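In this text, all values refer to a predicted model and were calculated from it rather than measured experimentally.
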Amino acid sequence: MYSCTRVTISPAMVSPIRSISRALARPVSSFSRPPVWNEQFVSQADGSTMQIVPRGFHTSAVSKDIDTAAKFIGAGAATVGVAGSGAGIGTVFGSLIIGYARNPSLKQQLFSYAILGFALSEAMGLFCLMVAFLILFAM
């Protein structure tokens with residue numbers, strides 16, 4: 001059913017494969033940062049030396065943009081629960097109307113249950129909105 005084959009890799013291919021796998025294992029934000037060297041002078045292949053000025057670690061504008069975009073995406077995902085709250089409130093009052101149409105004598109008890117369902121559904125929507133604001137402004 002399945003055939004097993006032996007893959008042989010020549011020694012000339014090992015070095016590029018290792019460098020590619022190391023590059024893929026690094027986080028995306030590390031590609032935009034300049035490398036930091038501790039040595040002041042680097043010798044070149046032709047025998048001359050080249051002076052390298054060391055730089056300190058800094059964050060680029062690209063990574064701050066990514067963080068801002070992630071905040072907006074997270075806040076948008078958290079506000080989806082508000083739509084669920086609206087659907088829950090509609091279901092509660094729709095069921096109240098159906099229950100009242102079937103048995104009008106239970107009007108007061110059905111209305112108290114509907115208000116309780118409305119409060120719980122609205123609380124869930126407000127909690128989702130609170131999480132969205134916390135993502136946007138507290139982090």
Side-chain angles (χ1 to χ4, degrees):
M1 185 185 226
Y2 295 104
S3 63
C4 295
T5 60
R6 185 175 178 188
V7 178
T8 58
I9 298 175
S10 65
M13 291 181 64
V14 172
S15 178
I17 291 173
R18 282 186 185 157
S19 65
I20 290 171
S21 64
R22 284 185 189 138
L24 292 176
R26 290 190 302 178
V28 176
S29 61
S30 68
F31 288 113
S32 62
R33 294 186 185 123
V36 177
W37 291 285
N38 291 331
E39 299 91 17
Q40 290 288 334
F41 296 95
V42 175
S43 60
Q44 294 180 343
D46 61 354
S48 64
T49 59
M50 179 176 69
Q51 183 179 4
I52 296 177
V53 179
R55 294 190 210 173
F57 179 76
H58 68 279
T59 353
S60 64
V62 174
S63 65
K64 288 182 183 178
D65 289 343
I66 291 173
D67 292 343
T68 305
K71 278 186 182 182
F72 289 145
I73 291 170
T79 55
V80 171
V82 177
S85 171
I89 291 169
T91 303
V92 164
F93 285 108
S95 298
L96 170 69
I97 292 171
I98 291 171
Y100 180 66
R102 289 185 179 189
N103 194 353
S105 64
L106 294 176
K107 177 183 177 182
Q108 189 61 35
Q109 186 179 6
L110 288 175
F111 187 73
S112 64
Y113 288 153
I115 293 299
L116 179 65
F118 166 77
L120 292 175
S121 182
E122 186 69 22
M124 287 294 118
L126 289 176
F127 289 150
C128 292
L129 199 60
M130 178 190 67
V131 168
F133 283 135
L134 282 174
I135 290 171
L136 277 179
F137 300 114
M139 294 182 172

Pairs flagged by side chain to side chain donor-acceptor pair (under 3.5 Å) wherever residues 80-104 is involved - sequence neighbours left out: N103-S105
Residue pairs fulfilling side chain to side chain donor-acceptor pair (under 3.5 Å) with at least one residue in residues 112-139, sequence neighbours excluded: Q109-Y113
Connected via hydrophobic side-chain network under 4.5 Å: M124 and L134: yes
Linked hydrophobic residues, [X] as query - side chain contacts closer than 4.5 Å:
X: F111; result: I89, F93, L96, L106, L110, I115, F118
X: I73; result: none
X: L129; result: F72, V82, F133, L136, F137
X: V131; result: I135

For T79 against A132, the heavy-atom pair lying closest together: CG2-CB, 3.5 Å
Heavy-atom pair of closest approach, residues C128 and A78: CB-O, 3.4 Å
